[in-house]
Amino acid sequence: MKKDVKYIFVTGGVSSSLGKGIISASLAKLLQGRGFSVTIQKLDPYINIDPGTLNPYEHGECYVTDDGAETDLDLGHYERFSNTPTSQANNVTTGRIYQNVISKERKGEYLGTTVQVIPHITDEIKRSIQILGQTNNYDFVITEIGGTVGDIESFPFVETVRQMKWELGKNCAVIHLTLVPYLSAAGELKTKPTQHSVKTMLEQGVQPDIIVCRTEHHLNDGIKRKIAQFCNVSPTSVIESIDAETIYDVPLLMREEKLDIEVLSVTNTEIPEKLDLTNWERFLTRLKNPVGSVNIGLIGKYVELKDAYKSINEALVHGGTENEYRVNIISIQSEKLDETNVVDKLRGLDGILVAPGFGGRGIEGKIRAIKYARENKIPFLGICLGMQCAVIEFSRNVLGLSDAHTTEIDQNTSNPVINLMEEQKNVTDLGGSMRLGLYDCHIDKNSLTYKEYKKQDIKERHRHRYEFNNNYKTLFVDNGMNLTGINLVKDLVEIIEIKDHPWFIGVQFHPEYKSTVKEPHPLFVGFVRAAINYSKYGK
Ligand code: GLN
């Protein structure tokens, strides 16, 4: 028998960046721990079809799913916490909703009617929420609504929540996340912003069922009672979300606050007695009790932005925890790295990771850092553009092709060691047109990469237009760069290694997207292990 899917909405008020994504992911973790199947979805109110064309200054990293969707970075948190793959259906923007409605209008699907925000846009939003629950028969669909309530652009989303709450009754619940600021001059936590935020929701017809209060200080019972009274919820439905040492603490903090129990009660769901978070607790214990630490340099052009390399940062945390080591990530701005300061800036690093990216800014710094890693035998991981830079570095400094480059940056180079993929040559639109999502890669059995993966056939996620130029294959292999991973269908080089180096790997794909708490990515585990060895014996 088809069961009722329960729909949980997570909205935000007062301020952005309160951590709706982490709360959603933590709730999913708790519900999974009680044996439920859960998926999480993010609705973004902006008009871009997806975040693929945004630069990281806007919303941080662009996260890529198995099916090649370019999505909001919160989907990365969802996957890292729940260990369940997401897809295009898990991230929907206003732009995509309108695109769907307009294309239906052109096909004549609304023939004779005026197409309006209500009901057509809201129906399309509803469809994109319910399709997730219905096609996979999940117990819970958690839908996070981007932005804050009261924003003009989130109105249709909040209106959809209102309608769904009315239609689904107990099969729907709304969690509202707010900020309870502490005024140090008054020495008090203030509830008024929360009251106003809930009032804004009420004006739009939505009564939240649970209020999660982000705070820097514990909420006493008095404050909880006050919020409950002014916001029409029971005091047990006022949940404290105190600042945590790491995002990985949040599921356990939410367990203490009984967020899962509140959600189950509000939705009339029988509460399973057992909540099993053993693996999560084991991960946290290891994370918090490292036996040592290593310094890994992250070289990129957006390092000053906290969220630009989110998945890489988290994959390093997973890799470190698996080795019972703490990874200190030393961010190095590639634009500021040159011949005069490279030794000063990179001295003391136990591993060097060169980040993905687009365009020429900072690329010479990346290439210089790779030369340093190669010559000093420091463990190196190059991801996407980072791998392409390793190919350029090798061409210039080992093969003596002094003007070698990628045609992304220098179209006139006489040695285009990285060039545009054949299938990209006629692409004119920039949105959603890269080589995106999961592709096969076959690994050479006699390689370091094989030792890390312990298998020959892998699938990894891609996001790029340029590739290793196969005309140079023999020259590279003959001079000590092994091409150890190949996509056999298209004959594309996906992995490179340097033969005479303890740990030097460049990958055309993005391993960071697939690293989760439950399954840390083998390349990150191996890279951190190599850095530990370097810190002990290499220097
Ligand atoms: N700009 C490069 C390309 O398109 C690398 C992309 C990336 O690092 N994600 O191929």
Side-chain angles (χ1 to χ4, degrees), residues 50-66 68-71 73 76 298-303 305 307-313 315 334-335 352-367 369-370 380-393 395 404-411 413 416-439 441 460-470 472 485 487 490 492-496 505-515 521 523:
D50 61 42
T53 51
L54 299 176
N55 80 32
Y57 287 104
E58 299 285 317
H59 298 279
E61 160 188 289
C62 173
Y63 184 78
V64 179
T65 56
D66 279 351
E70 296 177 280
T71 71
L73 60 77
L298 173 61
I299 324 272
K301 67 174 172 179
Y302 292 116
V303 284
L305 286 176
D307 287 341
Y309 303 112
K310 192 90 208 158
S311 295
I312 293 179
N313 288 316
S334 51
E335 229 181 342
I352 291 179
L353 192 156
V354 174
F358 295 84
R361 181 162 75 86
I363 197 159
E364 291 304 323
K366 290 182 174 176
I367 294 169
I370 296 169
F380 168 81
L381 179 59
I383 300 180
C384 209
L385 182 64
M387 170 267 200
Q388 298 176 352
C389 287
V391 170
I392 298 167
E393 191 281 323
S395 317
H405 222 316
T406 159
T407 53
E408 178 180 2
I409 291 148
D410 180 1
Q411 291 186 355
T413 171
V417 286
I418 302 290
N419 65 2
L420 199 59
M421 275 182 272
E422 215 39 56
E423 66 213 47
Q424 286 286 331
K425 289 192 176 145
N426 298 319
V427 169
T428 49
D429 282 3
L430 293 185
S433 59
M434 283 187 250
R435 181 175 184 236
L436 288 166
L438 224 50
Y439 284 93
C441 174
E460 291 282 4
R461 298 181 194 172
H462 293 247
R463 183 177 188 242
H464 61 115
R465 297 184 199 280
Y466 295 82
E467 261 289 341
F468 181 90
N469 182 343
N470 282 345
Y472 289 85
N487 172 284
K490 291 252 160 85
L492 298 172
V493 173
E494 312 284 36
I495 307 175
I496 56 132
I505 295 180
V507 288
Q508 186 55 77
F509 47 79
H510 291 262
E512 71 276 20
Y513 294 144
K514 286 215 331 191
S515 187
H521 195 284
L523 282 183

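Order of listing sets the numbers, starting from 1, for every ligand and every atom in it.
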Legend entry - Lys/Arg-Asp/Glu bridge criterion (N-O < 4.0 Å) met for Glu408, Arg465: no
Legend entry - ligand 1 versus His510: contacting region, heavy-atom distance under 4.0 Å: side chain
Inset, instruction - Please assess Asn487 against Arg435 for the test side-chain contact (heavy atoms from CB on, under 4.5 Å), listing each intermediate value before the final yes or no. - result: CA-CA 13 Å; Asn487 172 284; Arg435 181 175 184 236; 3.6 Å; yes
Legend entry - Numbered atoms and elements of ligand 1 in range of Glu408, under 4.0 angstrom, heavy atoms: 1 (N), 2 (C), 3 (C)
Inset, instruction - Please determine if Arg361 forms a cation-pi arrangement with Tyr302, meaning its NZ or CZ atom is less than 6.0 Å from the six-membered ring centre and no more than 45° off the ring axis. - result: yes
Inset, instruction - Give yes or no for whether the N/O distance cutoff of 3.5 Å, strictly under, is met between Gly357 and ligand 1. - result: yes
Legend entry - Whether Gln388 lies under 4.0 Å from ligand 1, heavy atom: yes
Legend entry - Cationic N near anionic O, under 4.0 Å, Glu467 to Lys490: no
Inset, instruction - Report the nearest protein non-hydrogen atom to atom 9 (N) of ligand 1: residue, atom name, distance rounded to 0.1 Å. - result: Arg463 O, 2.9 Å
Legend entry - For ligand 1, the portion of Glu467 having any non-hydrogen atom under 4.0 Å away: neither
Legend entry - From Lys366 atom NZ to Ile299 atom CD1, the distance as rounded to the nearest 0.5 Å: 9.5 Å
Legend entry - Distance from atom 10 (O) of ligand 1 to nearest protein heavy atom, with residue and atom: Tyr466 N, 2.9 Å
Legend entry - Closest approach of any protein heavy atom to atom 4 (O) of ligand 1, naming residue and atom: Arg465 N, 3.0 Å
Legend entry - pair Glu61-Asn313: side-chain heavy atoms closer than 4.5 Å: no
Inset, instruction - Kindly confirm or rule out an N or O of Phe358 lying under 3.5 angstrom from an N or O of ligand 1. - result: no
Legend entry - Any side-chain heavy-atom pair of Asp66 and Lys514 under 4.5 Å: yes
Inset, instruction - Do me a favour and list the nearest non-hydrogen protein atom to atom 7 (C) of ligand 1 with residue, atom name and distance? - result: Cys384 SG, 2.9 Å
